[in-house]
Amino acid sequence: MLISHGTLEHGTLGDWALDPVAIAVTVGVIGLYVVGRRPGHDAPWRLAAVVAGVLVSFVAVVSPLHVAAERSLAWHMVQHVLLIGVTVPLLAVAAPWPALARGLGVRGVGAVSSARRRVGLDVARMRRLRSPLARWLLFVVVFWGWHSARLYSLAVENEWVHTIEHVSFVVAALLVWSAVLGPERAGGNADPAIRVLVAFLLGLQGVLLSALLTFAPSPWYGVYVDRLGVDDALADQHIAGVLMWVPLGALITVAGIWAAMTWIGPDDEPDLVGSGVGGDGEERAVTGDHLTRGGCANAVARAAGSDHRTPASGDRR
């Protein structure tokens, strides 16, 4: 009832916000992955997961859903569920980073490394983010911070701030989802029990925030009160809390069950998410602490040449 109040029912195909930056990022990521992937080594499902994840994020930020999110907290929450609960887990499972590094080439990886150093992400700081619990804590700070009344209203009213919000959500979520679903190295070499713990904590913080939204006696965000009125804004907020609680909570629960199954499963069972990733040298091309000036060329060369060695030999390295 409330979600139809002045939101998607007024959206048309003309409401697609075909942002050139969003289009460029979508085409660029898929293109780099296609160029860098090795058809004989990278499983086809990885390509499907990358393409699906990127396209879901594209729909979330440029479709009429984006227009509706500016007038409704519930539709804004749908955006967040798509980005955090669909796009990011697909990318975390697919682990496309070695292929993206090969697609970028030596100069591209060097540029990424230089940009990383310019923003202060040196080796020591990057290593701190290898801890799954540190990643979870970073995600909680980002997620709860953007849902504070002041920052959230600022994001709704300012398109650039809104973009920063979504980018920070994706980056923080990608770090924590990689700790739960990603290959061992991308997940900080976390013990399977730690993966289960992180999934539990991820769901727990979501339940707490969604419960606060759902049972709040008054609207949190004045920007929606101005646009919908007090009663509709409160009902809209309650729906948003349920959307965070149920769909996003269900996705996190599935991830936690999967992590638990890998924990209690037989030790000799092949690693689903790690089996398509080459040796350590290949993943070092994109893990941040190995993107040094002297190592860029070697990292990409190892990634490009890893077709000539067996997975076993890569593991021995």
Side-chain angles (χ1 to χ4, degrees), residues 1-12 15-17 19 56-57 59-88 136-173 176 201-253:
M1 176 182 71
L2 170 77
I3 293 185
S4 65
H5 268 264
T7 54
L8 282 188
E9 70 173 359
H10 297 298
T12 65
D15 286 330
W16 282 73
D19 181 8
V56 167
S57 68
V59 170
V61 299
V62 305
S63 74
L65 174 61
H66 181 72
V67 178
E70 296 179 353
R71 298 191 289 266
S72 166
L73 176 59
W75 284 113
H76 203 160
M77 194 60 67
V78 172
Q79 263 191 319
H80 293 174
V81 170
L82 290 177
L83 291 173
I84 296 173
V86 180
T87 288
V88 174
W136 172 81
L137 182 59
L138 174 64
F139 176 80
V140 171
V141 170
V142 171
F143 194 60
W144 283 68
W146 279 114
H147 282 90
S148 65
R150 179 170 297 182
L151 285 180
Y152 187 93
S153 297
L154 184 63
V156 173
E157 294 172 338
N158 187 297
E159 190 62 33
W160 282 105
V161 178
H162 200 171
T163 300
I164 294 172
E165 175 198 42
H166 285 165
V167 170
S168 63
F169 274 163
V170 169
V171 171
V176 73
L201 293 175
L202 188 62
L204 179 61
Q205 64 84 33
V207 167
L208 291 175
L209 182 55
S210 61
L212 291 174
L213 285 168
T214 303
F215 299 112
S218 60
W220 285 10
Y221 308 115
V223 62
Y224 291 128
V225 173
D226 295 339
R227 298 175 184 183
L228 299 174
V230 175
D231 292 339
D232 279 353
L234 182 59
D236 184 48
Q237 179 176 302
H238 291 167
I239 294 174
V242 172
L243 289 171
M244 182 191 294
W245 200 331
V246 180
L248 187 58
L251 291 167
I252 294 174
T253 300

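Hydrogens, waters and symmetry mates are skipped; everything else that's a heavy atom, side chains included, is used. Here the structure is a predicted model, which is why all the values come from computation and not from measurement.
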Heavy-atom pair with the smallest gap, counting every atom of [X] and [Y]:
{"X": "Pro219", "Y": "Val225", "answer": "CB-CG2, 3.7 Å"}
{"X": "Pro247", "Y": "Val81", "answer": "CB-CG1, 4.4 Å"}
{"X": "Leu228", "Y": "Ala233", "answer": "CB-N, 4.0 Å"}
{"X": "Ala155", "Y": "Val161", "answer": "CA-CG1, 3.7 Å"}

First locate atom [atom1] of [X], then atom [atom2] of [Y], and finally report the distance between them rounded to the nearest 0.5 Å.
{"X": "Ile239", "Y": "Met244", "atom1": "CD1", "atom2": "CE", "result": "14.0 Å"}
{"X": "Leu202", "Y": "Thr253", "atom1": "CG", "atom2": "OG1", "result": "10.0 Å"}
{"X": "Ser210", "Y": "Leu248", "atom1": "OG", "atom2": "CG", "result": "8.5 Å"}
{"X": "Leu209", "Y": "Leu204", "atom1": "CG", "atom2": "CG", "result": "11.5 Å"}
{"X": "Leu73", "Y": "Asp232", "atom1": "CG", "atom2": "CG", "result": "13.0 Å"}
{"X": "Asp236", "Y": "Arg227", "atom1": "CG", "atom2": "CZ", "result": "11.5 Å"}

Does the [X] side chain pair with the main chain of [Y], one donor and one acceptor, at a distance under 3.5 Å?
{"X": "Ser63", "Y": "Ala60", "result": "no"}
{"X": "Ser57", "Y": "Thr87", "result": "no"}
{"X": "Ser153", "Y": "Arg150", "result": "no"}

Val78 and Leu243: CA distance, side-chain angles, deciding distance, side chain to side chain contact (heavy atoms under 4.5 Å, CB included) verdict: CA-CA 7 Å; Val78 172; Leu243 289 171; 3.8 Å; yes
Side chain to side chain contact (heavy atoms under 4.5 Å, CB included) assessment of Leu212 paired with Trp220: CA-CA 10 Å; Leu212 291 174; Trp220 285 10; 3.7 Å; yes
Partners passing ring pair (Phe, Tyr, Trp, His ring centres under 6.0 Å) against His238 (at least two apart in sequence or in another chain): none
Residues which pass ring pair (Phe, Tyr, Trp, His ring centres under 6.0 Å) with Phe143, listed by chain and number, not counting sequence neighbours: Phe139, His147, Phe169
Which residues share a side-chain hydrogen bond (donor to acceptor under 3.5 Å, both in side chains) with Tyr152, sequence neighbours left out: His76, Tyr224
side-chain hydrogen bond (donor to acceptor under 3.5 Å, both in side chains) involving Gln205 - partner list, sequence neighbours excluded: Trp144
Note, Gln237 side chain near Met77 side chain (heavy atom, < 4.5 Å): no
Flag side-chain contact, heavy atom, 4.5 Å: His80 against His166: yes
Residues which pass side chain to side chain contact (heavy atoms under 4.5 Å, CB included) with Ile164, listed by chain and number, not counting sequence neighbours: Trp146
All side chain to side chain contact (heavy atoms under 4.5 Å, CB included) counterparts of Ala149, not counting sequence neighbours: Tyr221
Criterion side chain to side chain contact (heavy atoms under 4.5 Å, CB included) on Val171 and Val142, from CA distance to verdict: CA-CA 10 Å; Val171 171; Val142 171; over 6 Å; no
